[in-house]
There are 2 protein chains.
Amino acid sequence: MLYHLALVGFGNVGRAFARLLQRKEAELNARYDLQIRVTGIATGRHGMAIDPDGLDMNEALHLVETGQSLNALSRFPLTDIVDFLYSVPADVLFENTPVNHENGEPAASFLRIGLERGMHVITANKGPVVHAYHDLTALAKRQGRKFYFESAVMDGAPIFSLFRQALPAIQIHSFRGILNSTTNLILGRMEQGESFEQAVAYAQTIGLAETDPSADVDGWDAAIKVAALTTVLMNVPLKPQQVERQGIREITSDQIAAALRQGKRWKLVCTAQREGSGVRARVAPEMVAPDSPLYSVNGSSSIVEFHTDVLPGLAIVEGNPSPETTAYGLLADLINAVCLGAKDEL
Amino acid sequence: MLYHLALVGFGNVGRAFARLLQRKEAELNARYDLQIRVTGIATGRHGMAIDPDGLDMNEALHLVETGQSLNALSRFPLTDIVDFLYSVPADVLFENTPVNHENGEPAASFLRIGLERGMHVITANKGPVVHAYHDLTALAKRQGRKFYFESAVMDGAPIFSLFRQALPAIQIHSFRGILNSTTNLILGRMEQGESFEQAVAYAQTIGLAETDPSADVDGWDAAIKVAALTTVLMNVPLKPQQVERQGIREITSDQIAAALRQGKRWKLVCTAQREGSGVRARVAPEMVAPDSPLYSVNGSSSIVEFHTDVLPGLAIVEGNPSPETTAYGLLADLINAVCLGAKDEL
């Protein structure tokens, strides 16, 4: 089966996804009878293009990576992403624009248009998951389409999809984990003697931290991930503002060294626990000992451990993610949406 | 939908499964429109019974747990498990007899009969997975039925099902883990000062180790689990005899103490690594440091870490399993077989 894809957002993740589709082309064809054509790409700063016969992806990658505009590839003049969404001839929309912690826009609106036009919609963006999960899921159901977002938490590690089929009839009591890579890396660099400022600067040079690192170091990214997990997996909608939140700015080099002397490490720990009909959720630095599964989760790796009614402890650990890891989550969503035909039973 | 189940084997796991079905009855009905009736139970030492209208499960549990025979509940005289399999009116067969590391029998034959009679077949038994995976999978496909065995490795933690839908289009290069609970518990007790013999005796009193502990301490149980994972997930059939195998008998209390002084722990580590078209697989004791994810996996917990073409490291950790954990794996298989209707893409 041939599917036409539209990509909104063509940054590190979008381009890694395009490359992964190229690398996996033969495997997808042989194993899933799946053929892919990208018919549209829209970006914030590098223009946009639609070609119903399929865009030349090598050309598109080259243009964006050399700072040029995609407009030269388009069969139609385009200037607006909403116009793009209403005109692109596609079966599946991939939305990978920057996250908006406040209200999930404009990503949520882009996804809504995609679903209204009958596309499956797939995103790595936490914003619409936290701010529009129930609306978008209901709309997807009415349209007979899928709204998947595996890459929104822990890159390509299977978290949401795990609970779709592999873990049916399960009730999550609580979870605990390390969900923000940047702070985990910063704390690790500080263990090796760097100051907070040096460690932040390093995280910026490798592209992990933003110019303004506050979304990471103040715990917003971790809080929105906690909110996404409680909203989707525990059926308790939470906004990131409802997560108790303490970042890592106040962890001093002295505290890091004192922990090391005790054989321990500081981690930015996420927790969520059912309380009555709600969930108490928290992001805060904690010292962890070697007997904790969190102790060995270093660098940009992450972990989440679920406590459930049927499995006392089930942890998923993702080691050394990269943009390709996130891209794999998008691919897994695509294959599940169009090939595996599973019923969703969340 | 009403489904009729037949249970062959009614030991700790079979009975925990029966209790889990009772506990989850309302949830299965509400969430999956799934109603369950057990129409047959066959045991090695407590007789067997068939009732097409459904057996009284409280009565069956009571009889077996007080050392009585199930025969009193049967609507037909029965003495032979093969006769039972050919007469029980059921949609799904659960096979939970003791594992046979040599050839997987008679479990593999029981499953074959079940599939030939048009039942889905579900087992927690590693024997038929290792010794008859390809035959039984092909037979299941011809019959339009499922052969599922999530509980065969790491109890109810999702391993096989993870690769059915959540991780499509992935190639496993290698894996590494702790797959045998008994030896992990024994090594932990030895760290606390017990001798090997004392630790084995303790594992026997809590029902974890057999009277003859050799299947665990000599590494056979770990080896058959490694063989099951390579056979199913890496598509390289291995018999447990082909796994390099070294048990824990030669680990002395002195070695345990020396490791502790270095801040390390002995673990019985399973590894498998592709080499050409094959896999090199190994079970052997190793000292692990706190920076290894294996270090914090203690007691009867287990872990497996996969290295793949798209995710550099993905680990699944199961904490504190019990017979109910294994029973949950059987339930997850049941729901996947009869409700979720997913295509299998291994």
Side-chain angles (χ1 to χ4, degrees), chain A residues 20 23-24 27-28 31-32 34 150 155-162 164-171 263 289-298 301 303 305 307-322 324-325 327-328 331-332 335-336 339-345, chain B residues 20 23-24 27-28 31-32 34 150 155-162 164-171 263 289-298 301 303 305 307-322 324-325 327-328 331-332 335-336 339-345:
Chain A
L20 184 62
R23 184 163 77 72
K24 290 275 184 185
E27 184 181 351
L28 295 178
R31 217 162 148 186
Y32 303 98
L34 179 60
E150 189 52 72
D155 314 286
I159 307 295
F160 299 111
S161 60
L162 192 65
R164 279 208 302 271
Q165 286 102 23
L167 295 174
I170 198 168
Q171 306 297 332
D291 277 328
S292 163
L294 277 56
Y295 181 89
S296 61
V297 177
N298 296 316
S301 300
I303 181 172
E305 182 172 37
H307 304 280
T308 76
D309 66 332
V310 283
L311 301 176
L314 179 73
I316 313 294
V317 188
E318 185 184 48
N320 306 311
S322 67
E324 180 169 278
T325 321
Y328 173 70
L331 178 64
I335 296 171
N336 273 276
C339 301
L340 298 185
K343 296 176 199 166
D344 292 347
E345 297 292 337
Chain B
L20 184 62
R23 182 162 80 71
K24 290 271 184 187
E27 183 180 352
L28 295 178
R31 216 162 150 186
Y32 303 98
L34 179 59
E150 189 53 73
D155 314 287
I159 306 297
F160 299 111
S161 59
L162 192 66
R164 277 208 303 271
Q165 285 103 24
L167 296 173
I170 197 167
Q171 306 296 333
D291 277 329
S292 163
L294 277 56
Y295 181 89
S296 62
V297 177
N298 296 316
S301 300
I303 182 172
E305 183 173 36
H307 304 279
T308 76
D309 65 334
V310 281
L311 301 176
L314 179 73
I316 313 295
V317 188
E318 185 184 45
N320 305 313
S322 67
E324 181 169 276
T325 321
Y328 172 69
L331 178 64
I335 296 170
N336 273 276
C339 302
L340 299 185
K343 296 176 197 164
D344 294 346
E345 295 293 337

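Chain letters run A, B, ... following the sequence lines, proteins first and then strands; every chain starts at 1. The figures that follow rest on heavy atoms only: side chains count, while hydrogens, waters and symmetry mates do not.
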For [X], which atoms come within 4.5 Å of any heavy atom of chain A: side chain, backbone, both, or neither?
X: Glu318(B); answer: both
X: Asn298(B); answer: side chain
X: Ile170(B); answer: both
X: Thr325(B); answer: both
X: Leu20(B); answer: side chain

Taking every heavy-atom pair that is under 4.5 Å apart, which of [options] has the most such pairs with chain B?
options: Gly313(A), Ala315(A), Pro321(A), Pro290(A); answer: Ala315(A)
options: Leu311(A), Asn320(A), Leu331(A), Val297(A); answer: Leu311(A)
options: Gly263(A), Ala289(A), Gly319(A); answer: Gly319(A)

Just to verify, which of Val317(B), Ile316(B), Leu162(B) counts as forming a side-chain contact (heavy atoms from CB on, under 4.5 Å) with Ile316(A)?
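With Ile316(A) as partner, side-chain contact (heavy atoms from CB on, under 4.5 Å) holds for just one option, Ile316(B).
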Under a 4.5 Å heavy-atom cutoff, which of Lys24(B), Glu150(B), Glu305(B), His307(B) has the most pairs with chain A?
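Among the listed options, the one with the most contacts to chain A is Lys24(B).
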Least distance between heavy atoms, Asp291(A) atom then Tyr295(B) atom:
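Closest approach of Asp291(A) to Tyr295(B), heavy atoms only: OD1-CE2, 4.1 Å.
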Is the side chain of Tyr32(A) donor-acceptor paired with the backbone N or O of Ala169(B) at a distance under 3.5 Å, no angle test?
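Present.
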Is Asp155(A) in contact with chain B via its backbone, its side chain, both, or neither, using a 4.5 Å heavy-atom distance?
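Looking at Asp155(A), nothing touches chain B.
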By a 4.5 Å heavy-atom criterion (distance strictly below it), what part of Leu28(A) contacts chain B: side chain, backbone, both, or neither?
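The side chain, not the backbone.
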For Ser296(A), enumerate each residue passing the side-chain contact (heavy atoms from CB on, under 4.5 Å) test, keeping only those at least two apart in sequence or located in another chain.
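For Ser296(A) the side-chain contact (heavy atoms from CB on, under 4.5 Å) partners, ignoring immediate neighbours, are Pro293(B).
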Output all residues satisfying salt bridge (Lys or Arg N to Asp or Glu O under 4.0 Å) with Glu324(A), sequence neighbours left out; order by chain, then residue number.
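By the salt bridge (Lys or Arg N to Asp or Glu O under 4.0 Å) rule, Glu324(A) matches Arg23(A).
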